[in-house]
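Written out below as structure tokens is the structure these notes cover.
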Amino acid sequence: MPGHIVRADLARGELSRSYPDEFSSDAIVQMTGVIDVILREGGSEVPDRPDYCVTGGGTATRALIVTLLHGQPAKGTAILTIAICASSRDSLALWSMLHDGRKGLRTRADEPPAAPWLAERIEPGAVRHMGGMEWTGGWSRCLAWAWLGYNR
């Protein structure tokens, strides 16, 4: 397990670090269950957040990309895209994909941080659901740590 994850806020261009001791083992276990459902079914409800769900999936090369939605998967409003890159092998391709067709991001598509990293891209629908943005930072960091330890 790495000593830290680089967390990138693409809209602000800010990089910070997240450390494994920020979350309890119970929180990681709960998030591992969310990952199980995402990988098996393509999406999951967000525990303790009844108006939110997450869709997406992982790759064989240890990258995970999900979108947090307000509402149900087919009808929900995207508010945040979260990408977690465990390996430098996937870094540039995943980072570039997050920037494709997006204007106004303050990070460069050709300069990913060192892996492992977590990137958060705020989606246009977030403006209508700002209450969700109050808790997503901690949620995405917990998801990243659960993903880095995921071994199923």
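Model, not experiment: these values are computed from the prediction.
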Crowding at [atom1], [X] (>12 non-hydrogen neighbours, <6.0 Å):
X: Gln30; atom1: CD; value: yes
X: Arg102; atom1: CZ; value: yes
X: Arg40; atom1: CZ; value: yes
X: Glu14; atom1: CD; value: yes

Any side-chain heavy-atom pair from [X] and [Y] closer than 4.5 angstrom?
X: Arg121; Y: Leu105; answer: yes
X: Met31; Y: Ile28; answer: no
X: Leu118; Y: Ser18; answer: no

Rounded to the nearest 0.5 Å, how far does [atom2] of [Y] lie from [atom1] of [X]?
X: Trp135; Y: Arg49; atom1: CH2; atom2: CZ; answer: 5.5 Å
X: Leu148; Y: Met1; atom1: CG; atom2: CE; answer: 6.5 Å
X: Ile65; Y: Ile38; atom1: CD1; atom2: CD1; answer: 12.0 Å
X: Leu68; Y: Glu123; atom1: CG; atom2: CD; answer: 10.0 Å

Does Ser88 reach the main-chain N or O of Ala115 with its side chain, forming a donor-acceptor pair under 3.5 Å? no

Treating Trp95 as the side-chain partner and Arg108 as the backbone partner, does any N or O pair qualify as donor plus acceptor under 3.5 Å? yes

Whether the His99 and Thr107 side chains hold a donor-acceptor pair (N or O, under 3.5 Å, no angle test) is what I'd like checked. yes

Can the positive tip of Arg62 be found less than 6.0 Å from the middle of the six-membered ring of Trp147, inside 45° of the ring normal? yes

Parallel, tilted or perpendicular for His129 and His70, by the 30°/60° rule? parallel

Let's go through Leu143 and Leu64 carefully: what are the C-alpha distance in whole Å and the side-chain angles of both, what is the deciding distance for side chain to side chain contact (heavy atoms under 4.5 Å, CB included) to 0.1 Å, and is it a yes or a no? CA-CA 10 Å; Leu143 178 69; Leu64 179 72; 4.2 Å; yes

Test Tyr52 against Trp139 for ring-ring contact (aromatic ring centres under 6.0 Å, His included), laying out the working first. CA-CA 12 Å; Tyr52 294 89; Trp139 193 86; 9.5 Å; no

Over all heavy atoms of both residues, which pair between [X] and [Y] is shortest? Give the atoms and the distance, please.
X: Pro20; Y: Gly3; value: CD-O, 3.3 Å
X: Thr32; Y: Ala146; value: OG1-CB, 3.9 Å
X: Tyr19; Y: Arg17; value: OH-CD, 3.2 Å
X: Cys53; Y: Gly71; value: SG-O, 3.1 Å

Is the distance between the ring centroids of Trp145 and Tyr150 under 6.0 Å? no

How far apart are the C-alpha atoms of Thr81 and Glu120, what are their side-chain angles, what is the distance that settles it, and do they pass the side-chain hydrogen bond (donor to acceptor under 3.5 Å, both in side chains) test? CA-CA 6 Å; Thr81 295; Glu120 298 167 322; over 6 Å; no

If we check side-chain contact (heavy atoms from CB on, under 4.5 Å) with Leu69, which of these qualifies: Leu80, Ile79, Thr55? Thr55

Between Arg128 and Thr77, does the side chain to side chain contact (heavy atoms under 4.5 Å, CB included) criterion hold? Intermediate values first, please. CA-CA 9 Å; Arg128 293 183 303 213; Thr77 302; 3.0 Å; yes

Just do the side chain to side chain contact (heavy atoms under 4.5 Å, CB included) check on Ile5 and Arg141 with the steps written out, would you? CA-CA 9 Å; Ile5 298 171; Arg141 290 191 322 273; over 6 Å; no

Would you check, one step at a time, whether the test side chain to side chain contact (heavy atoms under 4.5 Å, CB included) holds for Leu10 with Leu98? CA-CA 9 Å; Leu10 303 183; Leu98 290 168; 3.9 Å; yes

